[in-house]
*Asks:* 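Got a structure here, written out as structure tokens. Questions coming.
Each chain gets a letter, A, B and so on, in the order its sequence line appears, and its residues count up from 1.
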Number of protein chains: 2
Amino acid sequence: MTRSETARPRPYGGLADKRRSILTGALTVFARDGYSRASIDAIAAQAGVSTRTIYNHFGDKAGLFQAVIQESASRAAEAQIAIIDRHLGKIVDLEADLVEFGEALTGPMSAEHAEHFSLVRQVNAEAGHIPQAAVDAWQETGPLRVRRALAARLREIAARGLLRIDDADIAARHLMLLISPAEPSYPGAPVSPEEITRLVTAGVRAFLHGHLPRRDR
Amino acid sequence: MTRSETARPRPYGGLADKRRSILTGALTVFARDGYSRASIDAIAAQAGVSTRTIYNHFGDKAGLFQAVIQESASRAAEAQIAIIDRHLGKIVDLEADLVEFGEALTGPMSAEHAEHFSLVRQVNAEAGHIPQAAVDAWQETGPLRVRRALAARLREIAARGLLRIDDADIAARHLMLLISPAEPSYPGAPVSPEEITRLVTAGVRAFLHGHLPRRDR
DNA sequence: TCCGATTTACAACCATCGTTGTACTAATTA
DNA sequence: TAATTAGTACAACGATGGTTGTAAATCGGA
């Protein structure tokens, strides 16, 4: 009897993708508001799902948060690794290829996964309130996996004599740092494409000169 | 009549430093728990002050948070600039001095201002919920001021022919990035002094080779 | 010692929120 | 079509928390 008109859900029959709806909706809200601010009601509304369904799928808020972290890290890492493979698989002009790589990484991919990087900021702030195991698992499927993939490519390049690398992990870390122009506090990154190119190029040059073989310096 | 025995406040007369007590207590709690999690009650307890006094001094929670951000940024920036001046004022051996500078910056100073850097993570996560003016003011009295001081020192060093620098601001950014070994997600930084030295040295080498004048490469 | 300002303890208000139970409805399968 | 499953609406509970008013108490200085 208390049935009403509200919420004719999806017009098409879609179902069983409830879980995915929840994950993407929760990513949006967690990334925007952070863990504490984000309410289950807001997430349910964003996902077009009842709050009860969220609890049925993920147990409680903390469980949902961890699932979102894992999912988002996995997707973003795959996208980043794809870019790594695409740009650093076949090197023709090292500096040019690195610049293109950096632009691809900080331009369209950062834009497409903006919510993910916002979520990463939340995780970094919230780390003290997340079980250590969950933080470790996230590091493993996310940043560490990406850095290892990048380090492997750098090692290949070094093996061809185009780079001199002592510690590929440190080199990968340096490269990632030097080509990330974003001020973390300004999510909407009001940086123009020219500015990105300028910062990325400067970062790549600094990286290259720090890791070029002696004969090329 | 409802007077009781709880809370014999400070045995010594201290007063009028209530404001400072609140700021340092709030820094502790905000840094540990983040803005939303931090309750006024917890802050009052940490500061040894009644909640009412907090409202009398800072209006509301948001006002307190912004005051804490400003205060903490100001203190940390002064400490960082002091280290910059001490290590980069008189250069004798550029690489050695830079390594010492990096160690000073990432070792004792990071430890002493650990709460500050934890707060910075909170601000980065919370940026979307803080008035833009407050974020700008924080950037100005904190990171930007430090980077400008570092850029000025680097320009001096370049003027003496020890570095080749096109854009001192970018160079300062690079140096700060390369000598910060901390994984942001692991606040308790379980990195040994040897590991710090290793990472800082690698960062300094990469930076130096990226910015040395040609004749020294 | 007395006055004004500051601080405190306390209560109360109102809002939000995580979570659960439940009965009803829509979708899937046999 | 019947039975099982998954999803929804709704209400309710308990807890927490920001904020304010107020009267007592404490402190600094004249």
Side-chain angles (χ1 to χ4, degrees), chain A residues 1-26 29-30 32-68 122 126 129-131, chain B residues 1-26 29-30 32-68 122 126 129-131:
Chain A
M1 50 301 291
T2 45
R3 196 78 16 243
S4 69
E5 76 304 311
T6 56
R8 174 78 46 77
R10 284 122 296 110
Y12 54 101
L15 173 145
D17 19 54
K18 296 286 177 187
R19 192 184 180 87
R20 184 131 303 156
S21 300
I22 296 172
L23 284 173
T24 67
V29 178
F30 278 137
R32 172 179 10 102
D33 294 343
Y35 179 78
S36 295
R37 261 195 174 82
S39 74
I40 298 287
D41 280 12
I43 294 172
Q46 178 72 32
V49 157
S50 81
T51 66
R52 206 60 179 76
T53 303
I54 294 180
Y55 284 100
N56 287 340
H57 275 284
F58 299 97
D60 59 4
K61 194 183 177 183
L64 173 60
F65 190 51
Q66 294 179 26
V68 170
Q122 305 297 342
E126 206 74 5
H129 301 275
I130 302 176
Chain B
M1 49 303 294
T2 45
R3 196 77 20 243
S4 69
E5 76 303 311
T6 57
R8 174 78 46 78
R10 287 121 295 111
Y12 54 100
L15 173 144
D17 19 54
K18 294 287 176 187
R19 192 183 181 87
R20 184 132 302 157
S21 300
I22 295 172
L23 284 174
T24 67
V29 178
F30 279 137
R32 170 176 13 100
D33 294 343
Y35 179 78
S36 295
R37 264 193 171 81
S39 74
I40 298 287
D41 280 14
I43 293 171
Q46 178 72 32
V49 156
S50 81
T51 65
R52 206 59 179 78
T53 303
I54 295 180
Y55 286 101
N56 287 341
H57 274 283
F58 299 97
D60 59 5
K61 195 183 178 185
L64 173 60
F65 191 50
Q66 294 180 25
V68 170
Q122 304 298 340
E126 207 74 6
H129 300 276
I130 303 176

*Asks:* Quick one: A:Arg20 CZ to D:dG7 P, roughly how many Å, whole number?
*Replies:* 14 Å
*Asks:* Within the structure provided, determine whether B:Leu23 and B:Phe58 are in side-chain contact (heavy-atom separation under 4.5 Å).
*Replies:* yes
*Asks:* What is the distance, rounded to the nearest whole Å, between atom CG of B:Leu64 and atom C1' of D:dG18?
*Replies:* 12 Å
*Asks:* Hey, could you give me the CD1/CD1 distance between A:Ile43 and A:Ile22, rounded to the nearest 0.5 Å?
*Replies:* 9.5 Å
*Asks:* Is the phosphate of C:dT6 approached by B:His57 (side-chain N or O, under 4.0 Å from OP1 or OP2)?
*Replies:* no
*Asks:* Is any side-chain heavy atom of A:Ser36 closer than 4.5 Å to one of A:His129?
*Replies:* no
*Asks:* Find which nucleotide of DNA chain C each of A:Ala38 and A:Arg52 is nearest to by heavy atoms, and output the residue with the more 5' nucleotide.
*Replies:* A:Ala38
*Asks:* Determine the minimum heavy-atom distance between B:Val29 and B:Ala38, stating which atoms define it.
*Replies:* CG1-CB, 3.6 Å
*Asks:* Measure OH/B:Tyr35 against C1'/D:dT16 and give the value in whole Å, please.
*Replies:* 15 Å
*Asks:* Measuring from the side chain of A:Val49 (C-beta onward, heavy atoms only), which nucleotide among C:dT8, D:dT8, C:dG18 has the closest atom?
*Replies:* D:dT8
*Asks:* Should B:Ser50 be listed as having a side-chain N or O under 4.0 Å from OP1 or OP2 of C:dT7?
*Replies:* no
*Asks:* How long is the gap from NZ on A:Lys18 to OG on A:Ser50, to the nearest 0.5 Å?
*Replies:* 8.0 Å
*Asks:* Kindly write out the residues that satisfy ring-ring contact (aromatic ring centres under 6.0 Å, His included) with B:Phe65, not counting sequence neighbours, or none if the list is empty.
*Replies:* B:Phe30, B:Tyr35
*Asks:* With the side chain counted from C-beta on, respond yes when B:Ile54 and B:Lys61 share a heavy-atom pair under 4.5 Å apart, and no when they do not.
*Replies:* no
*Asks:* Between atom CZ in A:Phe58 and atom P in D:dG7, what is the gap in whole Å?
*Replies:* 11 Å
*Asks:* So if I take every side-chain heavy atom of A:Ser39 and compare against D:dT22, C:dG18, D:dT19, which nucleotide ends up nearest?
*Replies:* C:dG18
*Asks:* Measure CD1/B:Ile54 against C1'/C:dT6 and give the value in whole Å, please.
*Replies:* 15 Å
*Asks:* Mind calculating the distance between CG (B:Asp41) and P (C:dA9) to the nearest angstrom?
*Replies:* 12 Å
*Asks:* Can you check the A:Asn56 CG to C:dA23 C1' distance for me, whole Å?
*Replies:* 14 Å
*Asks:* For the pair made of OH in B:Tyr55 and P in C:dT8, what is the distance, rounded to whole Å?
*Replies:* 15 Å
*Asks:* Taking only side-chain nitrogens and oxygens of B:Lys18, does any of them come within less than 4.0 Å of OP1 or OP2 of C:dT8?
*Replies:* yes
*Asks:* Does the side chain of B:Lys61 get closer than 4.0 angstrom to OP1 or OP2 of D:dG17 through an N or O atom?
*Replies:* no
*Asks:* Once you build an axis from the first five pairs and another from the last five of the helix from C:dT1-D:dA30 to C:dA30-D:dT1, how far apart in angle are they, to 10 degrees?
*Replies:* 30°
